[in-house]
Number of protein chains: 2
Amino acid sequence: MSDGVSLRDADFDYESQAPMSMTEAAYEALREEILTGRIPGDTLWSDREIAQRMNLSRTPIREAIQRLAAEGLVEVKPRRGTRVLPLRTDDVREIHQIAKALELEAALLLSGRDDRNIRDVEQAVTDMELALEREDRDAWVQADSRFHQAIVDNCGNRRLADLYQGHRALTDRARYFSLHLRPLPVRSAEEHRAMYEAIAARDTRRLSQLYHDHWNRTTEELLELVRRHADVMPIKASPREETK
Amino acid sequence: MSDGVSLRDADFDYESQAPMSMTEAAYEALREEILTGRIPGDTLWSDREIAQRMNLSRTPIREAIQRLAAEGLVEVKPRRGTRVLPLRTDDVREIHQIAKALELEAALLLSGRDDRNIRDVEQAVTDMELALEREDRDAWVQADSRFHQAIVDNCGNRRLADLYQGHRALTDRARYFSLHLRPLPVRSAEEHRAMYEAIAARDTRRLSQLYHDHWNRTTEELLELVRRHADVMPIKASPREETK
DNA sequence: ACACACCATCTGACATGCCAGATGTAATGT
DNA sequence: ACATTACATCTGGCATGTCAGATGGTGTGT
């Protein structure tokens, strides 16, 4: 999508089989480029530029940009351009705190449901452990993703799931570059198993504790990686916060 | 704003002193009309219709509508129209669960800060108690609002505050009509005092407990009101969930 | 009386044109 | 050489035109 080829060729959402709007297509393409870092932080765009590159008019591009702005990935400055917001260490902390809050609530809800479905969650934990044995990082990451997704998807609160999903762009962006830099997540696997068991046992107090511990540790681990690999990371240390 | 008079006359955001875009103005006007129930649920619009009523072109209206759609207030059906989503009891539950999760995290963060500022929080609690003595419902609601706002604003996580703020449209919509129907919130005032004290004492465990209790009770109380005043409420009982 | 095909009309999706403000740069004054 | 000003150029904001799909009413055939 970064090759400047028309988006019109990809006019369908193959997964849902529903026709996708141009706005939707542009949104996903841009989001993807930002998350993977193909468009680095602080880059300035103009809507015309993007429209031309994607062979669309400015209208759907503008609408896509506004969605990205609402998600916090870009900032649009009237008569200046649209800027890809760089990720700072403080942002990583904030983003993770939000994700923790949403997912913990989901986990609590899930654990309290009578008709709960925790098969997917358990399966994800098992897969994680298997991946760990094989030292298969990609499989581990995938299972990890499924674990968190399963909890949110089955919590019974669709809005919460949607909100979490939308927020995911941010956590994913932060996590994207750490995948192959971090040590084998032995500790993390244990924690996931523990979280699953707390859900199964409906132990809300333990669940809260585990969640706080897990996310706090994950955050600090990521930030430590950022510090050590500042050169290749798209995440920058926070200069003392300019207000907006 | 509902009188069909041009929005152009209100071209400035008097609070922030920044010039407001037409999109922004349209967004706020529409949001206000939905929250207060002046536009009832299930209403179908067309962008042209709104544009004409506000004396604007369709472009800013479309953009405003998309923001409202992202917030979950309306649903846009291609080639059908834009529908104001009716509020159902399940929605109220979902919305409150999310608000609880976000605000609890904020409260935990606030209580853990070294340089925390909990003056505003305490002041709000005091005001609430005073309003209760005078049986001044409006003052109580205002203080209640300030209480929650103060916690979120001072938690040190701007993104969380923004997210909470955006979500607020939904909780406010649910709460709007209950203001003068509910009994005097004696219990609530006590709970707010307890929450403040838990924050001051950095008692995270108690804080979690209090939050869950408070929000669960508030939710059920509101739903009970809905049941008893179904005729005048914009919130309808949930028919067993049609999936989208 | 009823099923069904037809079509005027309405909708959102998208393209495009124009505008005012912000910017960078070159021309100007000192 | 340097500060200042004038202006061409770029940007997002907004208005408007076109189009295809969805809808609902009408007329036709049975």
Side-chain angles (χ1 to χ4, degrees), chain A residues 4-13 16-30 39 42-71 73-85 244, chain B residues 4-13 16-30 39 42-71 73-85 244:
Chain A
V5 161
S6 170
L7 258 189
R8 293 171 180 289
D9 308 332
D11 200 345
F12 297 97
D13 180 342
S16 74
Q17 296 183 335
M20 188 164 41
S21 72
M22 292 293 117
T23 297
E24 184 76 13
Y27 164 76
E28 300 208 344
L30 288 175
I39 299 180
D42 257 334
T43 311
L44 261 178
W45 294 334
S46 81
D47 53 8
R48 280 166 241 260
E49 183 185 342
I50 307 170
Q52 186 168 26
R53 192 156 65 83
M54 292 190 180
N55 195 20
L56 288 175
S57 81
R58 291 169 52 216
T59 304
I61 299 299
R62 274 177 57 81
E63 291 174 351
I65 286 176
Q66 294 197 342
R67 283 180 61 180
L68 294 171
E71 275 182 20
L73 287 177
V74 306
E75 173 194 33
V76 39
K77 299 184 162 185
R79 284 163 222 104
R80 292 289 319 278
T82 298
R83 191 170 71 106
V84 178
L85 288 175
K244 192 167 188 182
Chain B
V5 161
S6 171
L7 258 188
R8 292 171 182 289
D9 307 333
D11 198 347
F12 297 96
D13 181 340
S16 73
Q17 296 183 334
M20 189 164 41
S21 71
M22 291 294 119
T23 297
E24 184 75 13
Y27 163 76
E28 301 208 343
L30 289 174
I39 299 180
D42 256 334
T43 311
L44 261 178
W45 295 334
S46 80
D47 52 7
R48 281 164 239 261
E49 182 186 342
I50 306 170
Q52 189 168 25
R53 192 157 63 84
M54 293 192 179
N55 195 20
L56 288 175
S57 82
R58 286 153 40 219
T59 304
I61 299 297
R62 272 177 60 80
E63 292 174 351
I65 287 177
Q66 294 197 342
R67 282 180 63 181
L68 293 171
E71 274 181 22
L73 287 177
V74 306
E75 173 194 35
V76 41
K77 298 183 162 184
R79 281 164 224 98
R80 291 289 320 281
T82 298
R83 191 170 71 104
V84 178
L85 287 175
K244 191 168 186 181

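Quick note on labels: first sequence line is chain A, next is B, and so on, each numbered from 1.
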S.K.: Return the value, rounded to whole Å, for the distance between atom OH of A:Tyr27 and atom P of C:dA13.
M.R.: 17 Å

S.K.: Using atom CD of B:Gln52 as one end and atom C1' of D:dT16 as the other, report the distance to the nearest whole Å.
M.R.: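 My rounded result for the distance is 14 Å.
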
S.K.: Roughly how many Å is it from CE in B:Met22 to P in C:dC18, rounded to a whole number?
M.R.: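 In whole Å, C:dC18 P lies 22 Å from B:Met22 CE.
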
S.K.: Just N and O in the side chain of B:Ser57: are any of them under 4.0 Å from OP1 or OP2 of D:dC14?
M.R.: no

S.K.: What is the separation between atom CE on B:Met54 and atom C1' on D:dA15, rounded to the nearest whole Å?
M.R.: 17 Å

S.K.: If you go through the side-chain atoms of A:Thr59, does one of them form a donor-acceptor pair with the base of C:dA15 closer than 3.5 Å?
M.R.: yes

S.K.: According to salt bridge (Lys or Arg N to Asp or Glu O under 4.0 Å), who are the partners of B:Asp47, at least two apart in sequence or on a separate chain?
M.R.: none

S.K.: Going by an N to O cut-off under 4.0 Å, is there a salt bridge joining B:Arg67 and B:Glu28?
M.R.: no

S.K.: Tell me every residue that passes side-chain contact (heavy atoms from CB on, under 4.5 Å) with A:Ala69, counting only those two or more places apart in sequence or in another chain.
M.R.: A:Val74, A:Val76

S.K.: Got a sec, which residues hit side-chain contact (heavy atoms from CB on, under 4.5 Å) with B:Thr43, two or more places apart in sequence or on another chain?
M.R.: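 side-chain contact (heavy atoms from CB on, under 4.5 Å) list for B:Thr43, sorted by chain: B:Ile39, B:Pro40, B:Trp45, B:Val84.
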
S.K.: C:dC14 C1' sits how many Å from A:Ile61 CD1, rounded?
M.R.: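 Atom CD1 in A:Ile61 sits about 11 Å away from atom C1' in C:dC14.
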
S.K.: Rounding to an integer number of Å, can you tell me how far B:Arg83 CZ sits from C:dT11 P?
M.R.: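 So the CZ-P distance, B:Arg83 to C:dT11, works out to 17 Å.
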
S.K.: Report the residues that fulfil side-chain hydrogen bond (donor to acceptor under 3.5 Å, both in side chains) with A:Glu71, sequence neighbours left out, ordered by chain and then residue number.
M.R.: A:Tyr27, A:Arg31

S.K.: B:Arg58: what forms a salt bridge (Lys or Arg N to Asp or Glu O under 4.0 Å) with it, not counting sequence neighbours?
M.R.: none

S.K.: Just by protein heavy atoms under 4.0 Å, how would nucleotides 5-12 of chain D read 5' to 3' in B, S and -?
M.R.: ------BB

